[in-house]
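Each chain gets a letter, A, B and so on, in the order the sequences are listed, and its residues count up from 1. Since this is a predicted model, take the numbers as computed values, not measurements.
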There are 2 protein chains.
Amino acid sequence: MLIGELAAQAGMTKDTIRFYEKLGLVTGRRLPNGYRDFPPETVAWLLYVRTAQTLGFSLAEIARLGEELRDAPDSAAALSELFAEKIALIDARMAELAALRADLDARVGTGCPLRADRPAD
Amino acid sequence: MLIGELAAQAGMTKDTIRFYEKLGLVTGRRLPNGYRDFPPETVAWLLYVRTAQTLGFSLAEIARLGEELRDAPDSAAALSELFAEKIALIDARMAELAALRADLDARVGTGCPLRADRPAD
DNA sequence: CTAAAGGGTGGAGTAGGGTCCAAGGTCAAG
DNA sequence: CTTGACCTTGGACCCTACTCCACCCTTTAG
């Protein structure tokens, strides 16, 4: 799969993919003419990257995860550990969100805004 | 409260607070000598800013929320609407996280990594 | 043969979010 | 009156994540 098709399917620009390649987030073979050639699963991976990113993981973190996956291809245990780690992180974020939600929820209807940045005028 | 104390209590540097002031995220009075003077509630506001930020809201979004709060100080209805909006956003993010979590969870133990960025070698 | 559509490179520029000076004013203690 | 801990400003600089650009090569269609 050439970069253009990958970009179209993953919903990002070619530039972004080349940028991700520099970061080691994706790796492609090269065809004899120098063109990048990506396996079809890269689409799923890029979609995963986008998701992880919107959830607050930096590209560096995501790349690290990817590398760790590549480095421990056989060890299901190691993978489980990695995922468990990420899941714990997600749970923590969800708890934070829940707390913020509860906070906002409590304020709804009370008429008590967060006007904390005004001097008491 | 002077900027140094505020910074210490909010767990950020003075530079960051001055930067936030430029963005309109915090506003302080000035003392006759030119020093910034913040009301004590600013600490809570800054902690709130940090939380919202780690949850994926940009400083611009947070500032907008703050402004809207200031612009509609009396209308509990308007406030409720704003909060309801943020809550909806939070719910959406939580759903995304839950989905990612389920995704990772399903992979744990299956030994099926995300090795989508490798050419099939 | 040429044009269009795809690809490649390096490097500059942007926006967001800080972080770090350097030069200088203010104020309380000794 | 000096020292030290505060504060002020402006501007340079850094990182992240892109985005755009100019310039050049490759492949296919007419």
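Hydrophobic clustering places A:Leu6 together with A:Leu47 (ILVMFWY residues linked when any side-chain heavy atoms are closer than 4.5 Å, directly or through intermediates).
Residue A:Leu23 is classed as having no contact, given no heavy-atom separation below 4.0 Å to the nucleic acid. A:Leu2 comes within 4.0 angstrom of the backbone, heavy atoms only, and of no base. Using a 4.0 Å heavy-atom distance criterion, B:Asp15 is classed as a base contact.
To the nearest angstrom, P of C:dG8 lies 10 Å from CD1 of A:Ile17. Note: CZ (B:Phe19) to P (C:dG16) measures 9 Å, nearest angstrom. Distance A:Ile3 CD1 to D:dT27 C1': 17 Å, rounded to the nearest Å. As rounded to whole Å, 9 Å separates atom C1' of D:dT9 from atom CZ of B:Arg18. One interatomic measurement links the two molecules: NZ of B:Lys14 to P of D:dG10, which rounds to 18 Å at whole-angstrom precision. In this structure, A:Leu6 places its CG atom 10 Å from P of C:dG7, rounding to the nearest Å. For B:Glu21 and C:dG18, the CD to P distance is 15 Å, given to the nearest whole Å. When the P atom of C:dA15 is taken as reference, atom NZ of B:Lys22 falls 16 Å away, rounded to whole Å.
The side chain of B:Gln53 sits closest to C:dG17 out of C:dG17, D:dC18, D:dC21. The side chain of A:Thr16 has D:dT19 as its nearest neighbour among C:dT26, D:dT19, C:dG8. When the nucleotides D:dT8, D:dA17, D:dC7 are ranked by their closest atom to the side chain of A:Leu59, D:dA17 comes out on top.
B:Arg18 approaches B:Ile3 most closely through the heavy-atom pair CG-CD1, 3.5 Å.
Note that the CD1 atom of A:Ile17 and the CZ atom of A:Phe38 stand 6.0 Å from one another [nearest 0.5 Å].
Residues B:Ile62 and B:Gln53 meet the side-chain proximity criterion, which asks for heavy atoms closer than 4.5 Å.
The base of C:dG25 is paired with the side chain of B:Tyr35 by a donor and an acceptor separated by under 3.5 Å.
The nearest heavy atom of DNA chain C to A:Arg36 and to B:Ser58 marks one nucleotide each, and the one closer to the 5' end goes with A:Arg36.
Phosphate contact (OP1/OP2 of C:dC27, side-chain N/O of B:Asn33, threshold under 4.0 Å): present. For the OP1/OP2 pair of C:dT26 and a distance below 4.0 Å, the side-chain nitrogens and oxygens of B:Arg30 include no atom meeting the criterion.
Taking 4.0 Å as the cut-off between side-chain N and carboxylate O, B:Glu21 and B:Arg29 do not count as a salt-bridged pair.
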